[in-house]
Amino acid sequence: MFDTHVNLHADAFADDREDVLARAREAGVTCFLAICDRFDNYDTVRAIAEANDDIWNTAGVHPHHAKDFTDLTVEELLRAASDPKTVAIGETGLDFHYGYSAEAEQVDNFRRHIAAARETGLPLVVHTREADELTADILEEEHKNGPFRILLHCYTGGQTLADRGLALGAYFSVSGILSFKNAHDVRAVISTIPLERVILETDCPYLAPVPYRGRRNEPSYLPFVADALAGVHGRSREEITSICEDNALTLFDKVNS
């Protein structure tokens, strides 16, 4: 299994990161993608990847932090992307739920990341919350300037964004939210997305799946995310993990280069 979204640099893992990784490997996780949420965390995230043969990393700025990196340049992202361990751009996108950064700051941040993804050919890890229409509008507009690869991560958006994303060739990752009792709308949308476009993630330490909901999440819980997706499609855990691992390795193809 490939856990395509882990926040291993989080304080929640400061005391036992190696134990967390050992449990994940024992559970069958063979690849991890460590996410850069702030560009000043890039060196820390990259160091975790560099120290482990089965971990890779991204380079980017979460929309919450866009206000702190208004001077980030495409060239800085490109330099980070040239590192062998850096296999994706992001996470980036739009999040209007909390409003930690202004809309204009988030949009500018998003477009810079898109430019870097287009130039490098690396996948763009997109976070979107309460911003479906504008996210889709920007992705479509930017695609007209030249294609780039898209991952709509931890997907909880609506059907319209899913359909518009699929038309652009996007992939979608599912998290423990898919297992939540009241996530009926999320499961309904995910059921319409072809399995060849779906990958798995934990987004640890957040969003622990049932039966661990409410606890610190960790990559060893990824099989329970697979179970939730298996339930949506009437497939076995083994089928789901095999399909999603193949999809993830296709999307993050630099892992195999």
Side-chain angles (χ1 to χ4, degrees), residues 4-5 7 33-43 45-46 56-83 85-158 160-173 197 199 201 203 251-254:
T4 62
H5 205 101
N7 297 284
L33 184 58
I35 301 299
C36 179
D37 59 341
R38 296 176 54 93
F39 203 66
D40 52 9
N41 284 336
Y42 173 77
D43 288 342
V45 175
R46 186 201 171 280
W56 287 263
N57 65 272
T58 71
V61 176
H62 190 289
H64 285 342
H65 306 301
K67 65 180 182 299
D68 299 323
F69 297 92
T70 56
D71 58 349
L72 178 70
T73 65
V74 174
E75 288 70 27
E76 288 176 288
L77 289 169
L78 295 179
R79 282 195 294 272
S82 68
D83 188 278
K85 278 285 191 172
T86 303
V87 301
I89 302 296
E91 68 185 285
T92 183
L94 304 173
D95 190 322
F96 299 151
H97 181 74
Y98 292 111
Y100 290 144
S101 291
E103 179 177 320
E105 293 168 332
Q106 293 189 44
V107 169
D108 287 346
N109 182 63
F110 193 16
R111 290 189 188 275
R112 287 194 296 272
H113 284 70
I114 289 171
R118 181 187 295 115
E119 186 160 342
T120 61
L122 296 180
L124 182 76
V125 180
V126 177
H127 169 111
T128 179
R129 188 176 186 188
E130 297 181 15
D132 279 19
E133 185 174 3
L134 185 55
T135 296
D137 287 347
I138 290 172
L139 291 174
E140 289 171 350
E141 178 186 331
E142 290 287 349
H143 247 259
K144 293 176 182 177
N145 297 326
F148 52 95
R149 295 189 288 164
I150 302 165
L151 169 63
L152 291 166
H153 111 88
C154 190
Y155 193 73
T156 57
T160 300
L161 175 58
D163 291 341
R164 293 171 74 178
L166 284 168
L168 297 175
Y171 283 73
F172 299 76
S173 57
R197 297 280 191 88
I199 61 179
E201 65 162 275
D203 202 5
L251 179 62
F252 300 111
D253 51 0
K254 191 176 173 182

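Along the sequence shown, residues are numbered consecutively beginning with 1.
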> Can you tell me if Asp203 uses its side chain to pair, donor with acceptor, with the backbone of Cys154 under 3.5 Å?
Replying inline: no

>> Would the distance check show the side chain of Ser101 and the main-chain N or O of His64 forming a donor-acceptor pair, the cut-off being under 3.5 Å?
In response: yes

>> So which atom in Gly93 and which in Val126 form the shortest heavy-atom distance, rounded to 0.1 Å?
In response: CA-CG1, 4.4 Å

> What salt bridge (charged side-chain N to carboxylate O under 4.0 Å, His left out) pairs are there with at least one residue in residues 62-74, not counting sequence neighbours?
Replying inline: Arg38-Asp68

>> Give me the atom names and distance for the closest heavy-atom approach of Ala131 to Leu94.
In response: CB-CB, 3.7 Å

> Can any side-chain N or O of Lys254 pair as donor or acceptor with the backbone N or O of Ala88 at less than 3.5 Å?
Replying inline: no

> Going through the checks in order, is the ring-ring contact (aromatic ring centres under 6.0 Å, His included) test met by Tyr100 and His65?
Replying inline: CA-CA 7 Å; Tyr100 290 144; His65 306 301; 7.9 Å; no

> Counting distance only, does the side-chain N/O of Arg118 pair as donor-acceptor with the main-chain N or O of Gly146 below 3.5 Å?
Replying inline: yes

> Would you call the rings of Tyr155 and Phe172 parallel, tilted or perpendicular if under 30° counts as parallel and over 60° as perpendicular?
Replying inline: perpendicular

>> Counting only heavy atoms not in Glu76 (residues, nucleotides, ligands), do more than 12 fall under 6.0 Å from its CD?
In response: yes

> Would a distance-only check, ignoring hydrogens and angles, find a side-chain to backbone donor-acceptor pair under 3.5 Å from Gln106 to Ala66?
Replying inline: no

> Should the heavy atoms of other residues, nucleotides or ligands under 6.0 Å from CD of Glu133 be counted, would the total exceed 12?
Replying inline: no

>> Under a 3.5 Å distance rule, please check whether His143 uses its side chain to pair with a backbone N or O of Phe148 as donor and acceptor.
In response: yes

>> Please give me the minimum heavy-atom distance between Cys36 and Thr58, naming the atom from each residue.
In response: N-OG1, 2.9 Å

